[in-house]
Amino acid sequence: MLQFSFYLEYDGRRTVSTYDAPTEVIRANGLLEALSLFAEKRKLKKAGSETLENGQVRAYFMQKKLFSAPREYVYMVREANKE
């Protein structure tokens, strides 16, 4: 299994971009599975992803709100290590 670290970059209101400690670490067999597990755990909808030059991935999620516009979340995803 692989470990993927999720770092919050944007929370729908402001840019956060702290890479000191991950927001969440997900163990999965691959990146797509990790994104799905993360979205399910946080009750978010996957909106897309893009691969960056350094091999990391930027993932976009949406959270629907009952009485307001949906909020976008952006996470940097890094593969932490291999087991």
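Positions are given from 1 along the sequence.
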> Are R27 and F4 in a cation-pi setup, meaning NZ or CZ lies under 6.0 angstrom from the ring centre and within 45 degrees of the ring axis?
Replying inline: no

> Are there more than 12 heavy atoms of other residues, nucleotides or ligands under 6.0 Å from atom CD of E50?
Replying inline: yes

>> For a quick check under 3.5 Å, do Y60 and E9 share a side-chain donor-acceptor pair by atom type?
In response: no

> Which pair of heavy atoms, one from M62 and one from P70, lies closest together, and at what distance?
Replying inline: CE-CB, 3.7 Å

> Looking at A28 and A34, what are the two nearest heavy atoms and their distance?
Replying inline: CB-N, 3.6 Å

>> Would you say the rings of Y75 and F38 are close, in the sense that their centroids are separated by under 6.0 Å?
In response: yes

> Going through the distances and angles, do M76 and L52 end up as a side-chain contact (heavy atoms from CB on, under 4.5 Å)?
Replying inline: CA-CA 10 Å; M76 174 71 68; L52 304 176; 3.4 Å; yes

>> Between L8 and F6, is there shared hydrophobic-cluster membership here, with clusters defined by ILVMFWY side-chain heavy atoms closer than 4.5 Å?
In response: yes

> Can R58 be said to sit on top of Y10's aromatic six-ring, NZ or CZ under 6.0 Å from centre and within 45° of the ring axis?
Replying inline: no

>> With a 4.5 Å cut-off on side-chain heavy atoms, are E24 and K41 touching?
In response: yes

>> Membership question, hydrophobic clusters at under 4.5 Å side-chain separation (ILVMFWY): are L35 and I26 in the same one?
In response: yes

>> Determine whether E72 and F61 satisfy the following criterion, side-chain contact (heavy atoms from CB on, under 4.5 Å), listing intermediate values before the conclusion.
In response: CA-CA 6 Å; E72 179 183 34; F61 298 95; over 6 Å; no

>> To the closest 0.5 Å, what do you measure between CD (Q56) and CG (L31)?
In response: 11.5 Å

>> Regarding Q63 and Y73, do their side chains bring together a donor and an acceptor under 3.5 Å, going by distance alone?
In response: yes

> Same cluster or not: are V57 and Y7 linked, directly or through other Ile, Leu, Val, Met, Phe, Trp or Tyr residues, by side-chain heavy atoms under 4.5 angstrom apart?
Replying inline: no

> Which heavy-atom pair separates A59 from V77 by the least distance, and what is that distance?
Replying inline: CB-CG2, 4.1 Å

>> Quick check for you: to the nearest 0.5 Å, what is the distance between K45 atom NZ and E40 atom CD?
In response: 15.5 Å

> Between R71 and D11, which heavy-atom pair has the shortest distance, and what is it?
Replying inline: CD-O, 3.0 Å

